[in-house]
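For reference, the structure is listed below as structure tokens.
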There are 4 protein chains.
Amino acid sequence: MKQEITKHSVKLFQEKGFSETSIQDIVDSLGVTKGTFYYYFKSKEQLLMDIHLRYIEDLLNRQKEIIEKEQNCRNKVIKIVKLIIGDIKSTQANGRVYFREMRNLKPENAEIIKTKRTEFRDNLEQIIIEGIEAGEFRNTLQPKLIALGILGVTNWTYQWMNPSGDVSVDELAEMFADFVLHGIHV
Amino acid sequence: MKQEITKHSVKLFQEKGFSETSIQDIVDSLGVTKGTFYYYFKSKEQLLMDIHLRYIEDLLNRQKEIIEKEQNCRNKVIKIVKLIIGDIKSTQANGRVYFREMRNLKPENAEIIKTKRTEFRDNLEQIIIEGIEAGEFRNTLQPKLIALGILGVTNWTYQWMNPSGDVSVDELAEMFADFVLHGIHV
Amino acid sequence: MKQEITKHSVKLFQEKGFSETSIQDIVDSLGVTKGTFYYYFKSKEQLLMDIHLRYIEDLLNRQKEIIEKEQNCRNKVIKIVKLIIGDIKSTQANGRVYFREMRNLKPENAEIIKTKRTEFRDNLEQIIIEGIEAGEFRNTLQPKLIALGILGVTNWTYQWMNPSGDVSVDELAEMFADFVLHGIHV
Amino acid sequence: MKQEITKHSVKLFQEKGFSETSIQDIVDSLGVTKGTFYYYFKSKEQLLMDIHLRYIEDLLNRQKEIIEKEQNCRNKVIKIVKLIIGDIKSTQANGRVYFREMRNLKPENAEIIKTKRTEFRDNLEQIIIEGIEAGEFRNTLQPKLIALGILGVTNWTYQWMNPSGDVSVDELAEMFADFVLHGIHV
DNA sequence: CATGAATGAGGCTTCATTCAT
DNA sequence: TATGAATGAAGCCTCATTCAT
């Protein structure tokens, strides 16, 4: 039931936004009553925190795997781009909530998520640094800004991507990986 | 007074979010009363629409100027990247509201903004297409996706940029223009 | 278990008040679940009634003993003052609940308690009457009002007494018995 | 309107208790809507605080007057007894709320009221001390406890007094003043 | 132009109670 | 005996909006 509530909530939050979705909306979509919601969650905010935590922790785990498995930095970057974009179909709702609604967390919870978010970004930055040292990447790059640029490319996808649209996810991931590596110039 | 209200609202919307900011918050920050607000705006949503319209129309105008003035596509892209990032200091609040709060517009208003948003993106896509035809850009690129990728790099900036932080806006614009053109690979 | 529940409830009701204490609070303090509570008590109100009944019936029994044992009215009054104040340490929580929460009983239950309360007061009034007739007490006293005055002195103690404070219970009982008998004037 | 709300609230709190009275009850009794209540009061608790403050400050002022005007301690005590009981008719509701509902104040507000309550008691204690020194009162008395005893007699009245009942307020005040001074013993 | 009182709908949350297991 | 999931009513409070002045 807790999972059921989470699932429906993510869907609604994604469609209407966190503040715009009422507990009533959530329980109505499940056919239960408000009491049930509060049996499983201490507050609406805690549900949001749950969603955030689950999302970022999953991302961090899979990022770690990539870093350990892949040999060169080029492939690490490609795989991370594909990681974020790749499962957009299954987790787009989750991702949208994650990228948009952090503001609604209490300061102490926001801090926790922010720390993990920073960790993810730092890991990417580290790959850029190592890639430069290994001669894989151009040595004029500023690793921190580039990491943020790459995340812009991938995360922004969650704003416009229409999973039932005409763009194939795999195709998009390939295109973006290529774009990140080589830019647009001939 | 209307401008005063808009200015303070943008600041508050950016800090706390549209739904989380009450009319009371707005008028308190101005030292006036609610009646005054409703003398100038028909509704809270109309104020948000005003903010959106002003922002996107300004962007579109300046984009048009760039397209007309610059000779080659390479420079057009560079200038557009710098356009979005360049005035982040003066309009970050505006930009954040623009990128985050469109969901709170009424369907008919959202449609209007969406059209202009699409126009901005289409213009960029057109530049990519022309650049490819002119041999400036790689011909393996999918123009629409690349346009979205570039916008990801630039628009995402509004999420993490701290205007009082240590990253110089000019430096950032240069770095991102370079990143967009040449990617990270040697 | 029923006694255990009662004991913990009294403690919580005294600290936070009846309305402010939830069944959840009670069962949490015992490490059991709500079902258990409702196995032993029909309702929250019935628990409160139990507490009231037990308290007043004990008082009435001990008052009766005093009335039967003591020879003169002076001693009867002294002993009753000491009865109420004397076991404040062991039953302060009970007493506080008794003096404060009667309002939360259902009308029919409130009536039952009120009757017993009146009985206790009437017994005291009767002692005053007999004391006046016997020439022990001043014959200008209005027995009913004086009974209420004496109960004020004693019952009010439950409002301010801090059992772990610096006032000794015995000392207090002596002082109040003396005060009731002789007043403050020289 | 604010006064109107306060007046009706006091009446309801006295009848049903603070926790048992809903904002809805209050506004219904006035024929207005909930919004109106919250236009005048920040919270239910603040209304309670208002009631408490008004009551104790009035008492303190009138106590001060008595202390300044009356010449001997005997009369000061008599006047204070009559002060508390005297206006029971006009302020019984207020008094009941004051004596019963302090628990529902936030800790910081409770502290403020407690301080003023203590001030009132300390003033009475001071009168006892001076009375003993002046030879008006018996020197075996413990001033602090006696002050609490006297307050028991008077304050308890708010528990049982039925203003429309058969006991005359003046008569009661006389009787209790006499009781406090001379006790019950011949 | 501006105020400030009033509305009413809706939001989050708590809680006593029930009931199948 | 005891559990724990579920209910539904009710409570406090916020807020966009209206309107007489």
Side-chain angles (χ1 to χ4, degrees), chain A residues 1-2 4-5 18-28 30-48 104, chain B residues 1-2 4-5 18-28 30-48 104, chain C residues 1-2 4-5 18-28 30-48 104, chain D residues 1-2 4-5 18-28 30-48 104:
Chain A
M1 171 60 46
K2 190 170 180 175
E4 207 66 10
I5 293 176
F18 176 78
S19 294
E20 292 74 20
T21 302
S22 69
I23 303 291
Q24 194 63 58
D25 291 338
I26 295 170
V27 297
D28 281 357
L30 275 153
V32 296
T33 52
K34 275 192 277 201
T36 302
F37 178 90
Y38 282 95
Y39 183 76
Y40 291 102
F41 294 94
K42 229 182 62 227
S43 68
K44 194 185 176 191
E45 196 258 349
Q46 205 219 44
L47 161 62
L48 184 61
N104 294 293
Chain B
M1 170 61 48
K2 189 168 179 177
E4 206 66 11
I5 293 176
F18 175 77
S19 293
E20 291 73 20
T21 302
S22 68
I23 303 291
Q24 194 63 57
D25 291 337
I26 295 170
V27 297
D28 280 357
L30 276 154
V32 297
T33 52
K34 279 196 267 201
T36 304
F37 178 92
Y38 281 93
Y39 181 78
Y40 291 103
F41 293 94
K42 225 183 68 226
S43 68
K44 193 186 175 191
E45 195 256 7
Q46 204 218 45
L47 161 62
L48 184 61
N104 294 294
Chain C
M1 169 62 47
K2 190 170 180 175
E4 207 65 10
I5 293 176
F18 176 77
S19 293
E20 291 74 18
T21 302
S22 68
I23 303 290
Q24 195 64 57
D25 290 337
I26 295 169
V27 296
D28 280 356
L30 275 154
V32 297
T33 51
K34 280 197 264 200
T36 303
F37 178 91
Y38 281 92
Y39 181 79
Y40 290 104
F41 294 94
K42 225 183 67 226
S43 69
K44 194 184 174 191
E45 195 258 347
Q46 204 218 45
L47 161 62
L48 184 61
N104 293 294
Chain D
M1 171 60 49
K2 190 170 180 176
E4 206 67 10
I5 293 176
F18 176 78
S19 294
E20 291 73 19
T21 302
S22 70
I23 303 291
Q24 195 62 59
D25 291 337
I26 295 170
V27 297
D28 280 357
L30 275 153
V32 295
T33 53
K34 273 190 282 199
T36 302
F37 178 91
Y38 282 96
Y39 182 76
Y40 292 101
F41 294 93
K42 229 183 64 226
S43 68
K44 195 185 174 191
E45 197 257 349
Q46 206 220 42
L47 161 62
L48 184 61
N104 294 294

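Order of the sequence lines sets the chain letters (A, B, ...), proteins ahead of strands, with each chain counted from 1. Scope of the values below: all heavy atoms of this structure, side chains included, with no hydrogens, waters or symmetry mates.
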Side chains of [X] and [Y], heavy atoms from C-beta outward: is any pair under 4.5 Å?
X	Y	value
D:Asn104	D:Leu48	yes
C:Ile5	C:Phe37	yes
C:Val27	C:Val32	yes

Phosphate OP1/OP2 of F:dA6 contacted by A:Tyr40 side-chain N/O (<4.0 Å):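 Yes, A:Tyr40 has a side-chain N/O under 4.0 Å of OP1/OP2 on F:dA6.
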
Phosphate OP1/OP2 of E:dA2 contacted by B:Thr33 side-chain N/O (<4.0 Å): no

Which nucleotides of DNA chain F pair, in dot-bracket form (Watson-Crick or G-U under 3.5 Å, | meaning another strand): .||||||||||||||||||||

Rounded to the Å, how far apart are [X] [atom1] and [N] [atom2]?
X	N	atom1	atom2	value
D:Asn104	F:dG11	CG	C1'	14 Å
B:Lys2	E:dA2	NZ	P	14 Å
A:Met1	F:dT7	CE	C1'	13 Å
C:Phe41	F:dT1	CZ	P	14 Å
A:Asp28	F:dA6	CG	C1'	15 Å

With sequence neighbours excluded, residues passing side-chain hydrogen bond (donor to acceptor under 3.5 Å, both in side chains) with B:Glu20: A:Ser19

Partners meeting side-chain hydrogen bond (donor to acceptor under 3.5 Å, both in side chains) with D:Ser22 (sequence neighbours left out):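 Partners of D:Ser22 under the side-chain hydrogen bond (donor to acceptor under 3.5 Å, both in side chains) test: D:Asp25.
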
C1'-based separation of E:dC1 from F:dT21 [nearest Å]: 13 Å

Summary of protein contacts for nucleotides 14-21 of chain F, nucleotide by nucleotide, where a base hit scores B, a sugar-phosphate-only hit scores S (4.0 Å, heavy atoms): BBBBB---

Whichever of D:Val32 and B:Tyr39 has its nearest DNA chain E nucleotide further upstream toward 5':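 That would be B:Tyr39.
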
Pairwise side chain to side chain donor-acceptor pair (under 3.5 Å) hits with a residue in residues 34-47 of chain C, at least two apart: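 Listed once each, the pairs are C:Gln24-C:Lys34, C:Glu45-C:Asn109.
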
Partners passing salt bridge (charged side-chain N to carboxylate O under 4.0 Å, His left out) against D:Asp28 (at least two apart in sequence or in another chain): none

Gap between atom OG1 of B:Thr21 and atom CD1 of B:Ile26 - 0.5 Å precision: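 With rounding to 0.5 Å, CD1 (B:Ile26) is 6.5 Å from OG1 (B:Thr21).
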
